[in-house]
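Worksheet for the structure shown next.
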Amino acid sequence: FFLMIRRPPRSTLFPYTTLFRSSTKGSEQMQTKEITELFKQNGIKATAQRIAVYKYLYENRIHPDVDTVYKNMVKDNPSFSKTTVYNCLQALTDSGLIIPVVIESEKIRYDANPNFHSHFKCRCCGGIFDFTCKISNVEGIDGFDIERRDVYYSGICKGCKGKTKN
């Protein structure tokens, strides 16, 4: 006697209609179709989980760590595990669609803007802010193959500075 249990189609296990109900803190939104095309261009398989994680990072430019991404994913998608989030972040990083931001040694944060830019971390509120830093003259590394450039500043952001004066 052989009993075969068929798994329901993926759409009923992980429906796209509930994928993207997270609150949007950023001003830009990206549609699933656009993300799928971006993944295709970058040679990454477009799974529902990867799409959800990328969409969250793209729309919430807060440089979240794994725990923050996981907490926001599991709200609307209880099937998400922290391992799933780690794997999605690793695949997105490997494909070059996101970059890891390592400002503090104990946490890796993620940024959906893979283009060269710099980061400022506020020591009061903990916020991480993007800014443009033009580096035209670097000395002492002639003949080196540069694979990645990171520029980080830290201090007190404008918002916190205004609060401390009052």
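Keep in mind that what you see is a predicted model, and the values were worked out from it rather than measured. All values below come from the heavy atoms of this structure, side chains included, with hydrogens, waters and symmetry mates left out.
Side-chain atoms of Asp111 come within 3.5 Å of backbone N or O of Asn113 as a donor-acceptor pair. Judged by distance alone, the side chain of Thr84 and the main-chain N or O of Phe80 form no donor-acceptor pair under 3.5 Å. The main-chain N or O of Met30 is found under 3.5 Å from a side-chain atom of Lys55 such that the two form a donor-acceptor pair. Checked by atom type and distance alone, the side chain of Gln29 never pairs as donor or acceptor with a backbone atom of Glu59 at under 3.5 Å.
The shortest distance between side-chain heavy atoms of Val66 and Lys82 falls below 4.5 Å. A 4.5 Å side-chain heavy-atom check between Thr36 and Ile51 finds at least one atom pair inside the cut-off. Two residues are said to be in side-chain contact when any heavy atoms from C-beta on lie closer than 4.5 Å; Tyr58 and Ile35 fail this criterion. The shortest distance between side-chain heavy atoms of Leu38 and Leu97 falls below 4.5 Å. Annotation: side chain of Ser154 is not in contact with side chain of Arg123 (no heavy-atom distance under 4.5 Å). With a 4.5 Å cut-off on side-chain heavy atoms, Val53 and Met73 count as touching. Put simply, the side chain of Cys124 does not reach to within 4.5 Å of the side chain of Cys157, judged on heavy atoms. Inter-residue side-chain proximity for Tyr110 and Ile99 is flagged as unmet; no heavy-atom pair is nearer than 4.5 Å.
For the residue pair Cys122 and Cys125, the shortest heavy atom distance occurs at SG-N, 3.5 Å. Shortest non-hydrogen contact noted between Gly126 and Lys121 is O-CE, 3.8 Å.
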Side-chain donor-acceptor pairs under 3.5 Å in residues 137-146, sequence neighbours left out?
none

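For Glu147, the CD atom counts as loosely surrounded, since its 6.0 Å shell holds 12 or fewer non-hydrogen atoms of other residues, nucleotides or ligands. Counting non-hydrogen atoms of other residues, nucleotides and ligands closer than 6.0 Å to OH of Tyr153 gives a total of 12 or fewer.
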ask   = Should Thr132 and His117 be marked as a side chain to side chain contact (heavy atoms under 4.5 Å, CB included) after you check the CA-CA gap, both sets of side-chain angles, and the distance that decides it?
value = CA-CA 5 Å; Thr132 302; His117 64 284; 5.7 Å; no
task = Tell me, with the steps shown, if Ile128 and Arg109 meet side chain to side chain contact (heavy atoms under 4.5 Å, CB included).
result = CA-CA 10 Å; Ile128 298 177; Arg109 296 170 177 263; 2.9 Å; yes
task = Please test Phe120 against Val151 for side chain to side chain contact (heavy atoms under 4.5 Å, CB included), starting from the C-alpha separation and ending with a verdict.
result = CA-CA 9 Å; Phe120 177 94; Val151 178; over 6 Å; no
request  = Run the numbers on Ser118 and Tyr152 for side chain to side chain contact (heavy atoms under 4.5 Å, CB included), then give the verdict.
outcome  = CA-CA 6 Å; Ser118 304; Tyr152 302 113; over 6 Å; no
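The CG atom of Asn72 lies 6.5 Å from the CG atom of Asn60; values are rounded to the nearest 0.5 Å. In this structure, OG1 in Thr93 is found 8.5 Å from CD1 in Ile108, a value given to the nearest 0.5 Å.
Linking ILVMFWY side-chain heavy atoms closer than 4.5 Å, directly or via other members, places Val101 and Val85 in two distinct hydrophobic clusters. By the criterion of side-chain heavy atoms lying less than 4.5 angstrom apart, applied directly or through intervening Ile, Leu, Val, Met, Phe, Trp or Tyr residues, Phe129 is not grouped with Leu57; the two fall into different hydrophobic clusters.
Figure legend: cation-pi geometry between Arg149 and Phe116, with NZ or CZ positioned under 6.0 Å from the six-membered ring centre and within 45° of its axis.
Note: Phe39 and Tyr54 have perpendicular aromatic rings, judged against thresholds of 30 and 60 degrees for the angle between ring planes.
Taking a cutoff of 4.0 Å between a charged side-chain nitrogen and a carboxylate oxygen, Asp65 and Lys107 qualify as a salt bridge. Using a 4.0 Å cut-off between a side-chain N of Lys or Arg and a carboxylate O of Asp or Glu, Lys33 and Glu37 do not qualify as a salt bridge.
Residues that satisfy the side chain to side chain donor-acceptor pair (under 3.5 Å) test with Asp94, not counting sequence neighbours, are Gln90.
Residues His119 and Asp150 have side chains that never bring a donor and an acceptor to within less than 3.5 angstrom of each other.
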